[in-house]
Amino acid sequence: MSIENFTAYNPTRLHFGVGIINKLGKSVSKYGNKVLLIYGKGSVKKYGYYNQVVSQLESSGMSVVEYSGIKPNPVIEDVNKAVELAQKEQVDVIVALGGGSVIDTAKVVSLAAGSAIDGWQIVKGNEKPGHAISLICVLTLAATGTEMNAAAVMQNHETGEKLGFVNSLSFPKESFLDPAFTLSVPKNYTAYGIVDLIAHALEAYFGEGEPSLTDRITFEIIKDAMEWGPQLLNDLNNIQLRANIMLDATLALNGLTQYGKKGGDWGVHAIGHELSLLYDLPHGATLSIAYIAWLKIQQDRIPDRIKKLGASLFGETSVDEIIDRLSSFFSKTDSPVSLSEVGIGEDQKQKIIDQMNSNLVSGMYHKLNDEDRKKLVELML
Ligand code: NZQ
Ligand code: ZN
């Protein structure tokens, strides 16, 4: 047992509930008159969320310019184009309508356009922005927690990197979470969202520091998702279940699970990012594959920590059994637990090892070396 010093800060105003979008226009108008609306590849138009958002903005007297087409696992090129538009149109405020990819893009745009600094230099941490254009989020997919945190993740295929960064200027000013906006999320992405939120809780749990209360809170978030997640996957139109998972996802990565800790580990996310970069796999799918392999690597190094988790989640203290139970849970949600399940075979082994070695994939707390990375890839296949 030890006491870790920590600082807690979260300024995002969160609006949660059915019909909450009716407060959007009034809220956004506090930040200016000219809006840059950022969204993805079309689901928001297909399901009517776009119309609701635009009518809120226009009826509150705002003019709207748009940047759309953000892809899952977003790329820096879109940031650069949206920054140009934001600067040319001199927008006062950015509204992001979508999931993690759209919101993360909007976060980098708000920093880069607000500070006149190149977006990738911000992602790399080479330059520190001093100002951000105010960002308001309307979330359409429960998964990442980006709606209430200061992190963003971006891909750059030129440099061969998918990188996350945290900057306190990136907290959204306000976020609107209507579970009805997630009713249309297809089954596979609903499952990946459940895996992602559980992975966030696990990354926090396996980070540095073992505060008793925070461990318990973290277990409860995972248990809630494990109870409601499978039910939701059999009943995608159930708004109550959508709301349960939406709240789980936000609380798994808004700072709550970091109280009393130096920080999370994030080694599994680092592995997952390399897989997304190479094969454009959905983020959550990379995590169900990587977590099982990572736990097998760690099982002799941190058995007590794994046993404490297993005792709470499954009433089980055999490390092998705990890893099996988690793997079965992921499989039950139809999320992959091996690369072969997503069509990636032995012939890709060296390529993945080289990619992981070139970016020195590791955790913040549980460090991984070349030998670990090789074993991880073998375990993932
Ligand atoms: O592009 P559209 O047409 O909108 O379709 C999207 C996309 O194809 C679709 N979708 C979203 N909302 C929908 C919907 N389809 C129907 N109905 C809706 N309501 O879902 C697909 C996936 O969207 P995406 O935004 O990529 O998913 P997610 O929210 O899982 O975000 C993943 C990204 O977030 C990063 C990941 O690395 C990945 O790049 N992360 C960000 C974090 C953060 N900022 O804190 C933490 C996470 O660990 C994660 O790394
Ligand atoms: Zn994640």
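Indexing begins at 1, ligand by ligand and atom by atom, following the structure's order.
- In terms of protein heavy atoms, atom 27 (O) of ligand 1 is closest to L141 CD1, 3.6 Å.
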Could you list the donor-acceptor pairs under 3.5 angstrom formed by side chains in residues 84-93, with sequence neighbours left out?
residue	atom	partner	partner atom	Å
E89	OE1	K34	NZ	2.8
D92	OD2	N33	N	2.8
D92	OD2	K34	N	2.8

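- Protein heavy atom nearest atom 26 (O) of ligand 1, with residue, atom name and distance: S101 OG, 2.6 Å.
- Where the criterion is an N or O separation shorter than 3.5 Å, residue side chain and backbone included, A151 meets it with respect to ligand 1.
- Here's the thing with K107: none of its N/O atoms is less than 3.5 angstrom from an N/O atom of ligand 1.
- Proximity annotation for atom 39 (O) of ligand 1: of K71, H283, K46, K162, K162 comes nearest, heavy atoms only.
- Listed by atom number, the atoms of ligand 1 under 4.0 Å from P74 heavy atoms are 39 (O).
- Taking distance alone, with nitrogen or oxygen atoms compared against 3.5 Å, T182 stays at or beyond that limit from ligand 1.
- For the residues A142, G284, S184, P72, the heavy atom positioned nearest atom 18 (C) of ligand 1 is part of S184.
- Geometrically, ligand 1 and G42 share a nitrogen or oxygen pair separated by less than 3.5 Å.
- Using a 30° and 60° split on the angle between ring planes, F206 and H366 fall in the perpendicular class, above 60°.
- For H200, a nitrogen or oxygen atom sits less than 3.5 Å from a nitrogen or oxygen atom of ligand 1, counting backbone and side chain alike.
- In this model, a donor atom of one side chain and an acceptor atom of the other lie less than 3.5 Å apart for K107 and N149.
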For residues 319-332, which side-chain N or O atoms pair as donor and acceptor with protein atoms under 3.5 Å away, sequence neighbours left out?
residue	atom	partner	partner atom	Å
S328	OG	D324	O	2.8
S331	OG	S327	O	3.2

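- For the Zn ion (ligand 2), protein N, O or S atoms closer than 2.8 Å were enumerated as D196 OD1, H200 NE2, H269 NE2, H283 NE2, with waters left out.
- Every atom of ligand 1 is numbered from 1 in the order shown, and the set under 4.0 Å from a heavy atom of H269 is 48 (O).
- With 3.5 Å as the limit, one finds no donor-acceptor pair spanning the side chains of Y205 and E210.
- Those atoms of ligand 1 with a heavy atom of A152 less than 4.0 angstrom away are 44 (N).
- Taking only nitrogen or oxygen atoms, main chain and side chain alike, G100 reaches within less than 3.5 Å of ligand 1.
- In this comparison of D104, T140, T144, T105, the heavy atom closest to atom 12 (N) of ligand 1 sits on T140.
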For residues 178-186, dump all side-chain donor-acceptor pairs below 3.5 Å to protein atoms at least two apart in sequence or in another chain.
residue	atom	partner	partner atom	Å
D178	OD1	A180	N	2.7
D178	OD2	G19	N	2.9
T182	OG1	P179	O	2.7
S184	OG	Y49	OH	2.5

